[in-house]
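Please read the structure below before turning to the comments.
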Amino acid sequence: MTSPATTDDPGPAAPGSVPPAVPAGDSATAPASARADIGFTPEPTLVHERVIDWFEVHARDLPWRAPECSPWGVMVSEVMLQQTPVVRVLPRWQDWMQRWPRPIDLAQAPTAEVLTAWDRLGYPRRALRLQAAAQAMVERHSGEVPDTAETLRELPGVGEYTAAAVACFAFNQPEVVVDTNIRRVHARAFTGHALPGKTYTSAQRRLAADLMPDTAPDAGATACAWNASAMELGALICTARAPQCEICPVADLCAWRAAGSPAPTEEQQTRGQGWAGTDRQVRGAIMAVLRTGDPVERDQLLEALPLPEASPEQRSRCLDSLIRDGLAAQTGALVSLPGA
DNA sequence: AAGCCGGGGGC
DNA sequence: GCCCCAGGCTT
């Protein structure tokens, strides 16, 4: 099919009509641009075309991208994919959709089963919020996934990204979807930076909005194609660690490449959170025990954690915080998943 | 704006 | 061992 990205462009995107890519090291005149503070930025329309065409050939065959996938399936995938890589989500998503194919099915499930099915995807509060969202959909939306970003945003666990992604990918709404992959693609291709930095700034939000293809005839489909394509490019080619510029469809248009692929600045480093010794590690260890099944005595549970470094105070504090979060429950001395 | 919240795989 | 991953929520 023809790319709708250029249907509003009267002039054909002939090579000569577009500012030529600047080969690294070429000090020739680079077109000035209001879009970034560097000497060269690519023509967005050309990037749209290239990246969308690349996507149509190289996109991964993910089940939540199938035409027959329900909005609920899309929403489940988006929540599971919050900070969890695709390869780990795939099997959990399959099980989940088989077991709870509609929002109402999850809404009525015992919370203990929901947390067990979440398995080790991490951040189990997401599972709790997804069930709460399902219950809200039953109560407020006749058991249907809302079809606008604004309404989706009101659901538990649905932030700016997820609301836009579900509205776009499930309902073809022309929302501006910005995830970590897209931020990085924008930073490199258009801003000329190695990495986008830790915080999502208003300038980045503005850039993302400016970059959306404006196509009157089929705005939803084109916006969705661009969002999905840019995301996939960031996931497969324009990766954080070792980008594969050799096979990138917009390597010759990339502002970062044109600038000589400078290394990330101090400001752009992301600095990890640390893991060993944290409450997150201890909470995770407790949840791993509780997921295995039967209620256990509190003292026995806390002593048996495979974390020699964790103090009794930390173990106790973490269990209490899990109970407070609704991820665990205690009756007398017995601790279990909630509702188990 | 910064900190917290899991867990595993890649390098 | 460090870094990253289709973020969200609280302070």
Side-chain angles (χ1 to χ4, degrees), chain A residues 55 59-60 62-65 73-93 115 118-130 132-133 152-170 175-185 194-202 204 208 224 227-236 238-244 264 267-291 306-307 317-318 321-322 324-328:
Chain A
F55 179 85
R60 290 168 292 182
L62 302 173
W64 46 84
R65 285 179 178 160
V74 173
M75 177 163 174
V76 170
S77 79
E78 292 300 344
V79 173
M80 287 184 171
L81 287 163
Q82 291 167 3
Q83 297 290 280
T84 304
V86 167
V87 285
R88 288 176 51 204
V89 164
L90 271 169
R92 294 297 110 232
W93 184 89
L115 290 171
W118 192 258
D119 197 37
R120 290 183 284 185
L121 287 180
Y123 297 136
R125 293 195 286 199
R126 290 183 293 162
L128 244 38
R129 290 176 183 141
L130 184 54
L152 283 158
R153 187 66 183 75
E154 298 168 358
L155 297 171
V158 178
E160 180 177 354
Y161 164 76
T162 303
V166 173
C168 183
F169 301 143
E175 293 292 331
V176 182
V177 177
V178 182
D179 76 326
T180 186
N181 289 310
I182 291 179
R183 287 181 63 221
R184 187 173 53 252
V185 168
L195 292 172
K198 340 164 199 356
T199 55
Y200 184 36
T201 65
S202 57
Q204 290 175 7
C224 189
N227 287 329
S229 303
M231 198 178 304
E232 191 78 340
L233 187 74
L236 298 184
C238 194
T239 54
R241 204 70 71 77
Q244 298 184 261
E267 185 67 20
Q268 294 162 359
Q269 310 274 2
T270 46
R271 82 165 185 259
Q273 295 176 3
W275 170 244
T278 62
D279 282 6
R280 280 158 64 227
Q281 185 186 30
V282 176
R283 285 166 55 104
I286 294 171
M287 290 301 294
V289 173
L290 296 181
R291 276 196 307 267
L307 298 170
R317 176 179 74 241
C318 286
S321 75
L322 287 171
R324 209 159 39 240
D325 289 343
L327 289 165

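Chain naming here is simple, since letters A, B, ... match the order of the sequence lines and numbering starts at 1 in each. It should be emphasised that the depicted structure is a prediction, and the values quoted were computed from it without experimental measurement.
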Side-chain donor/acceptor of [X] to base of [N], under 3.5 Å:
| X | N | result |
| --- | --- | --- |
| A/R280 | B/dG6 | yes |
| A/R241 | C/dC4 | no |
| A/R88 | B/dG7 | yes |
| A/T84 | B/dG6 | yes |
| A/Q273 | B/dC5 | yes |

Rounding to an integer number of angstrom, what distance separates [N] and [M] when you compare their [atom1] atoms?
| N | M | atom1 | value |
| --- | --- | --- | --- |
| B/dC11 | C/dA6 | P | 15 Å |
| B/dG6 | C/dC4 | C1' | 13 Å |
| C/dT10 | B/dG7 | C1' | 22 Å |
| B/dG3 | C/dC3 | P | 16 Å |

[N] OP1/OP2 closer than 4.0 Å to side-chain N/O of [X]:
| X | N | value |
| --- | --- | --- |
| A/R126 | C/dG8 | no |
| A/T162 | C/dG8 | yes |
| A/Q82 | C/dG7 | no |
| A/T180 | C/dA6 | no |

Notebook entry, point to check: Could A/E160 and A/R153 be called an ion pair, given the rule that one side-chain N must be under 4.0 Å from one carboxylate O?
Noted result: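 Looking at A/R153 together with A/E160, the answer is no, because their closest N to O distance does not fall below 4.0 Å.
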Tell me: [atom1] of [X] to [atom2] of [N], nearest whole Å?
| X | N | atom1 | atom2 | answer |
| --- | --- | --- | --- | --- |
| A/R283 | B/dG3 | CZ | C1' | 14 Å |
| A/I182 | C/dC5 | CD1 | P | 13 Å |
| A/Q281 | B/dC4 | CD | C1' | 15 Å |
| A/E160 | C/dA6 | CD | C1' | 14 Å |
| A/L152 | C/dG7 | CG | P | 17 Å |
| A/Q269 | B/dA2 | CD | C1' | 18 Å |
| A/Q268 | C/dC4 | CD | C1' | 16 Å |
| A/E154 | C/dG8 | CD | P | 15 Å |

Using a cut-off of 4.0 Å on non-hydrogen atoms, how would the nucleic acid contact of [X] be classed: base, sugar-phosphate, or nothing?
| X | value |
| --- | --- |
| A/A165 | nothing |
| A/L62 | base |
| A/L121 | base |
| A/R183 | nothing |
| A/G122 | base |
| A/R324 | nothing |
| A/W64 | base |

Item checked: Donor-acceptor side-chain pairing of A/R280 and A/Q273 below 3.5 angstrom ->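 A pair is found: one side chain offers a donor N or O, the other an acceptor, under 3.5 Å apart.
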Next item on the list: Indicate whether the side chain of A/Q82 and that of A/R126 have a donor and an acceptor atom separated by less than 3.5 Å.
Entry: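 No, no side-chain donor-acceptor pair sits under 3.5 Å.
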Notebook entry, point to check: Picking from B/dC5, C/dC5, C/dA6, which would you name as closest to the side chain of A/M231?
Noted result: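 Nearest nucleotide to the side chain: C/dA6.
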Next item on the list: Look at the side chain of A/R125 and decide which nucleotide, out of C/dC5, B/dC5, C/dG8, has an atom nearest to it.
Entry: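 Closest nucleotide to the A/R125 side chain: B/dC5.
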I need the [X] [atom1] to [Y] [atom2] distance, nearest 0.5 Å.
| X | Y | atom1 | atom2 | value |
| --- | --- | --- | --- | --- |
| A/W64 | A/L81 | CH2 | CG | 5.0 Å |
| A/L307 | A/T278 | CG | OG1 | 9.5 Å |
| A/D325 | A/R125 | CG | CZ | 5.0 Å |
| A/L121 | A/W93 | CG | CH2 | 13.5 Å |

Item checked: Side chain to side chain, A/R88 and A/M80, heavy atoms closer than 4.5 Å ->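 Side chain of A/R88 against side chain of A/M80, heavy atoms only: no contact under 4.5 Å found.
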Notebook entry, point to check: Under 4.5 Å between any side-chain heavy atoms of A/N181 and A/C238, yes or no?
Noted result: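 Not touching, per the 4.5 Å side-chain cut-off.
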Item checked: Exercise: identify the closest heavy-atom pair between A/A328 and A/L290 ->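 That would be CB-CD1, 3.7 Å.
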Next item on the list: Using the closest heavy atom to pick a nucleotide of DNA chain B for each, name whichever of A/K198 or A/W275 lands nearer the 5' end.
Entry: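 In this pair, the answer is A/K198.
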Notebook entry, point to check: Between A/Y200 and A/S321, who's closer to the 5' end of DNA chain B by nearest nucleotide?
Noted result: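 Between the two, 5'-proximity favours A/Y200.
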Notebook entry, point to check: For DNA chain B, what dot-bracket results from Watson-Crick or G-U pairs at under 3.5 Å, with [ ] for crossers and | for inter-strand partners?
Noted result: |||||.|||||
